[in-house]
K.L.:
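Quick one: the structure is below, questions incoming.
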Amino acid sequence: MYDKISVTVKTLYKRISWPLEQVLFPLVLLLWPLVKVCVGADVSDSTYSLGNYMYPDKLQGMWLVSTYLSNGIGSILVRLPGGNTLVGANIYMGLVVSAIALICYYALKKDFSAPILFAGEYAAIAFCWIPTGILYNYMSYLMFTLGAVLLYMAIRDERDYLYALAGIVLGLNVFVRIPNVTQALLIVTVWATAVWKIRYTSKDTKAGAAALQSTGYCILGYVVGVLVPFCLVVARFGIDGFADRITEMFAISGTDDTYTTFSMITSVVSAYVRSFKWIAIIAAVIFMGTLMFAAFNKEGILKWIKRGVYILVVGVMLRFFWGRGMFTFKYYEDYTAMFEWGMIILLLAWICAITVLARRDYNILVKTLATIVLVVLIVTPLGSNNFTCQNLNNMFLVMPFVLYVTGGWLHRGAHKMRMNGLLYGCNFPWMSMLLIVFTVTYIQITGFHTQFVFRDGMDGTLRDVKVSGVPSLEGIYTTADNAASIEGLYAAIPADVTSAVFWGDCPGLSYILRMSPAISSTWPDLDSYPTDEFDEQLLKLGMSDEYDNSVIIIRKLPEPSGINGAVKQDILQDYIVCNHMSQIFENDEYIVYRPNAEK
């Protein structure tokens with residue numbers, strides 16, 4: 001029966017495979033990241049980088065160097081037709097996500113089935129939670145993925161120039177975001193492949209020498225990739241300026257202890273430890289189900305009764321998960337809808353990769369991809385203080401790999417993991433659980449991707465009001481209160497005002513209001529922005545020609561954010577009082593002060 005169904009499905013798919021694989025799948029992957037380009041008007045993270053791209057000359061300090069290439073690319077994108085509007089910027093930067101998925105789809109389609117790749121990339125896009133405007137993340141993932149894919153193709157096709165290209169891409173990625181230097185760990189893939197060739201391919205003694213040659217090409221490409229942007233940075237800031245900014249970057253841990261190497265590593269480990277309880281429960285249910293099937297190893301009606309009982313138990317397990325807050329159906333709320341299911345996928349990815357590397361019945365190319373996936377899992381969260389959230393945002397190689405390996409386990413062909421002897425016929429518990437986990441995961445991430453908007457409407461308020469009167473937000477829908485607040489603020493800014501100090505986690509107002517920052521940062525609230533520099537920049541502003549044409553925009557928050565937020569807020573208030581600034585506008589969300597202005 002199974003074989004007949006399998007043959008029928010394969011025959012039907014073969015007839016429609018061309019339009020699916022050549023048209024529909026790529027089109028969906030192209031458009032899937034763009035489903036919310038007209039929704040959301042967040043004034044914090046989502047639009048923070050856009051202001052930096054719009055006013056790159058105002059940006060100072062470590063961010064100029066540590067995210068040099070991503071800032072440069074962002075500056076180009078916001079100057080393309082429509083790029084100075086949020087809808088246009090969302091489209092351009094959303095296409096970066098599309099590019100990552102399509103690179104994986106086309107590059108791996110030669111070795112892996114298109115439906116598996118499509119399903120994996122669909123899920124990878126749906127897992128993305130970081131606003132697309134933060135290019136130093138998505139450009140990092142783009143270059144990391146491209147470098148990994150080029151390395152995979154180099155190993156597969158034995159092309160030296162591909163090793164060099166992979167090195168160039170990964171070298172350039174260092175100046176997309178300095179912590180990307182850790183991605184050089186991908187070189188272990190070349191060495192591991194040499195070991196497998198020696199071990200599995202008739203004791204190929206030439207593999208070691210070939211690996212050394214390939215490593216040389218990778219290093220050569222990497223050096224070129226690093227040197228090009230390095231020379232551009234040194235030409236602009238000088239070697240001393242470069243060194244000062246790098247030193248400042250490493251000093252972040254002194255103002256924000258979540259950026260220490262130890263803290264970043266322990267936060268990732270703690271995320272896995274906290275989520276392990278869910279996979280432990282799943283494993284326990286599978287184990288008990290297997291014992292039940294072994295005890296009642298009968299065919300006929302009993303076979304269907306025990307399957308029904310097991311599915312009922314799995315349903316109770318899911319209800320337990322939901323009741324304990326493991327997931328939610330309020331997709332607009334936060335990451336709860338998808339986070340723990342994503343953690344289960346990540347834990348499954350570790351299991352799949354280790355299994356592939358340990359077993360002999362997987363070919364060298366699959367082992368190569370498994371090694372790449374392990375490097376992606378290890379390296380991606382480094383340089384961030386967001387636990388494993390970065391991993392969830394970079395599933396473009398991980399997710400199709402997991403689907404491929406587990407698909408092999410489920411299939412009654414190659415790579416099968418069928419139990420024998422006493423437990424023969426007891427595969428239903430683990431096979432059905434695996435399918436249920438994937439089904440629920442896809443439901444949750446689809447709901448999350450279509451309904452969640454970063455820091456807009458996260459309390460359930462409908463984003464059904466179109467912003468009017470603000471050119472940069474033309475065509476954008478947000479909540480009624482948010483729209484009214486921004487519209488009122490935009491209308492209140494005098495025409496001769498050209499710059500502002502932004503306070504209260506609202507750096508995106510620089511882009512939205514089309515106003516350059518009056519100090520060296522649009523987000524002085526951040527712990528990574530030193531208190532002393534904030535004080536110095538305000539004093540400098542008070543003595544500059546720009547002072548008369550600047551304002552201070554304060555977003556009302558219950559309390560200052562960050563470790564030094566209260567101290568910085570006191571400095572700002574002292575600046576307002578000492579300079580006799582007057583309040584020229586206030587609504588429910590914002591207050592605006594201006595020098596020498598009447599109320």
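Being a predicted model, the structure only gives us computed values, none of them experimental.
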K.L.:
Could you pull out all donor-acceptor pairs under 3.5 Å where a side-chain atom in residues 170-182 meets a protein atom, sequence neighbours excluded?
P.N.:
| unit_1 | atom_1 | unit_2 | atom_2 | d |
| --- | --- | --- | --- | --- |
| N173 | OD1 | N180 | ND2 | 3.2 |
| N173 | ND2 | S140 | O | 3.2 |
| N173 | ND2 | Q183 | OE1 | 2.6 |
| R177 | NH1 | N180 | OD1 | 3.4 |
| R177 | NH2 | G383 | O | 3.0 |
| N180 | OD1 | Q183 | NE2 | 3.2 |
| N180 | ND2 | S140 | OG | 2.9 |
| N180 | ND2 | N173 | O | 2.9 |
| N180 | ND2 | R177 | O | 3.3 |
| T182 | OG1 | P179 | O | 3.0 |

K.L.:
Tell me whether S499 contacts the main-chain N or O of A518 through its side chain, where contact means a donor paired with an acceptor under 3.5 Å.
P.N.:
no
K.L.:
Using 0.5 Å steps for rounding, measure from the CG atom of L86 to the CG atom of N90.
P.N.:
4.5 Å
K.L.:
Test: salt bridge (charged side-chain N to carboxylate O under 4.0 Å, His left out). Region: residues 456-479. Which pairs qualify, not counting sequence neighbours?
P.N.:
none
K.L.:
Might you work through the side chain to side chain contact (heavy atoms under 4.5 Å, CB included) test for S275 and F339, ending with a clear yes or no?
P.N.:
CA-CA 9 Å; S275 297; F339 181 81; 4.3 Å; yes
K.L.:
Is R79 close enough and on-axis enough to Y53, meaning under 6.0 Å and within 45°, for cation-pi?
P.N.:
no
K.L.:
For the side chain of T450 and the backbone of G447, is there at least one donor-acceptor N/O pair under 3.5 Å apart?
P.N.:
yes
K.L.:
Determine whether Y332 and M458 make a side-chain contact, defined as any pair of heavy atoms from C-beta on separated by less than 4.5 Å.
P.N.:
no
K.L.:
Between the side chains of D334 and T336, is a donor N or O closer than 3.5 angstrom to an acceptor N or O?
P.N.:
yes
K.L.:
Would a distance-only check, ignoring hydrogens and angles, find a side-chain to backbone donor-acceptor pair under 3.5 Å from S510 to M515?
P.N.:
yes
K.L.:
For residues G147 and V169, report the shortest heavy-atom separation together with the two atoms involved.
P.N.:
N-CG1, 3.8 Å
K.L.:
I'd like to check I576 versus I554 (side-chain heavy atoms, cut-off strictly below 4.5 Å). Are they in contact?
P.N.:
yes
K.L.:
Compare all side-chain heavy atoms of L186 with those of F144 and state whether any distance is below 4.5 angstrom.
P.N.:
yes
K.L.:
From I563 CD1 over to D527 CG, what is the distance, rounded to the nearest 0.5 angstrom?
P.N.:
4.5 Å
K.L.:
Is the side chain of T446 donor-acceptor paired with the backbone N or O of I443 at a distance under 3.5 Å, no angle test?
P.N.:
no
K.L.:
On the 0 to 90° scale, with breaks at 30° and 60°, tag the Y529-F534 ring pair as parallel, tilted or perpendicular.
P.N.:
perpendicular
K.L.:
side-chain contact (heavy atoms from CB on, under 4.5 Å) with D570: which residues, sequence neighbours excluded?
P.N.:
none
K.L.:
For ring pair (Phe, Tyr, Trp, His ring centres under 6.0 Å), just list the numbers for F327 and W341, CA-CA rounded to whole Å, side-chain angles, deciding distance to a tenth of an Å, and then say yes or no.
P.N.:
CA-CA 8 Å; F327 67 100; W341 294 108; 5.7 Å; yes
K.L.:
State, with a plain yes or no, whether a side-chain heavy atom of L102 is found less than 4.5 Å away from one of E121.
P.N.:
no
K.L.:
Tell me the closest heavy-atom pair linking L541 and Y547, and the distance in Å.
P.N.:
O-CB, 3.3 Å
K.L.:
Over all heavy atoms of both residues, which pair between G133 and L50 is shortest? Give the atoms and the distance, please.
P.N.:
CA-CD2, 4.3 Å
K.L.:
What residues, two or more places apart in sequence or in another chain, satisfy side-chain contact (heavy atoms from CB on, under 4.5 Å) together with A184?
P.N.:
Y222
K.L.:
Between Y593 and S582, does a side chain to side chain contact (heavy atoms under 4.5 Å, CB included) hold up when you go through it step by step?
P.N.:
CA-CA 5 Å; Y593 291 92; S582 300; over 6 Å; no
K.L.:
Tell me, which pairs form a salt bridge (charged side-chain N to carboxylate O under 4.0 Å, His left out) where one or both residues lie in residues 544-569, sequence neighbours left out?
P.N.:
K58-E546, R555-E589, K556-E586
K.L.:
Which pairs, with at least one residue in residues 81-93 and sequence neighbours excluded, count as a salt bridge (charged side-chain N to carboxylate O under 4.0 Å, His left out)?
P.N.:
none
K.L.:
Evaluate the criterion side chain to side chain contact (heavy atoms under 4.5 Å, CB included) for residue pair C104 and L397; output intermediate values, then yes/no.
P.N.:
CA-CA 7 Å; C104 293; L397 287 170; 3.9 Å; yes
K.L.:
Can you name the closest pair of heavy atoms from A89 and Y511 and give their distance?
P.N.:
CB-OH, 3.8 Å
K.L.:
What pairs meet the salt bridge (charged side-chain N to carboxylate O under 4.0 Å, His left out) rule with one or both residues in residues 37-56, with sequence neighbours excluded?
P.N.:
D45-R455
K.L.:
Count the heavy atoms of every other residue, nucleotide or ligand shown that sit under 6.0 Å from CZ of F329, and state whether that count exceeds 12.
P.N.:
yes
K.L.:
Is the shortest heavy-atom distance from the side chain of T479 to the side chain of V465 under 4.5 Å?
P.N.:
no
K.L.:
Is there a side-chain contact between W350 and I378, using heavy atoms and a 4.5 Å cut-off?
P.N.:
yes
K.L.:
Side chains of V376 and V398: closer than 4.5 Å at any heavy-atom pair?
P.N.:
yes
K.L.:
Distance-only check: which donor-acceptor pairs under 3.5 Å involve side-chain atoms of residues 488-496, not counting sequence neighbours?
P.N.:
| unit_1 | atom_1 | unit_2 | atom_2 | d |
| --- | --- | --- | --- | --- |
| D496 | OD1 | R594 | NH1 | 3.3 |
| D496 | OD1 | R594 | NH2 | 3.3 |
| D496 | OD2 | R594 | NH2 | 2.6 |

K.L.:
Ignoring hydrogens and geometry beyond distance, is a side-chain donor-acceptor pair present between S561 and D505 at under 3.5 Å?
P.N.:
yes
K.L.:
Checking Y590 now: which residues fulfil ring pair (Phe, Tyr, Trp, His ring centres under 6.0 Å) with it, not counting sequence neighbours?
P.N.:
none
K.L.:
Centroid-to-centroid, H449 to W32, below 6.0 Å?
P.N.:
yes
K.L.:
Output, in order, the C-alpha distance, side-chain angles, deciding distance and verdict of side chain to side chain contact (heavy atoms under 4.5 Å, CB included) for S70 and T67.
P.N.:
CA-CA 6 Å; S70 52; T67 56; 3.3 Å; yes
K.L.:
Considering non-hydrogen atoms only, spot the tightest contact between V78 and S75 and give its length.
P.N.:
CG2-O, 3.4 Å
K.L.:
Among side-chain atoms of Q390 and T380, is any donor-acceptor pair under 3.5 angstrom?
P.N.:
no
K.L.:
Can a donor-acceptor pair be found, under 3.5 Å and without considering hydrogens, that links the side chain of D525 to the backbone of G504?
P.N.:
yes
K.L.:
Taking the side chain as every heavy atom from C-beta outward, state whether I476 and V87 have any pair of such atoms under 4.5 Å apart.
P.N.:
yes
K.L.:
Test: ring-ring contact (aromatic ring centres under 6.0 Å, His included). Region: residues 452-484. Which pairs qualify, not counting sequence neighbours?
P.N.:
Y335-F452, F448-F452
K.L.:
Does the side chain of Y138 pick up a donor-acceptor pair with the side chain of N393 at under 3.5 Å?
P.N.:
yes
K.L.:
CD1/I134 to CD1/I130 distance, rounded to the nearest 0.5 angstrom?
P.N.:
6.5 Å
K.L.:
Partners of W278 by ring pair (Phe, Tyr, Trp, His ring centres under 6.0 Å), sequence neighbours excluded?
P.N.:
F321
K.L.:
Once ring pair (Phe, Tyr, Trp, His ring centres under 6.0 Å) is applied, do any residues pair with Y136, and if so which ones, sequence neighbours excluded?
P.N.:
none
K.L.:
To the nearest 0.5 angstrom, please state how far the OG atom of S98 sits from the CE atom of M93.
P.N.:
13.5 Å
K.L.:
Please round to the nearest 0.5 Å and tell me the distance separating atom CD1 of I345 and atom CE of M395.
P.N.:
6.0 Å
K.L.:
What closest approach, in Å, do A271 and T388 show between heavy atoms, and which atom pair accounts for it?
P.N.:
CB-OG1, 3.6 Å
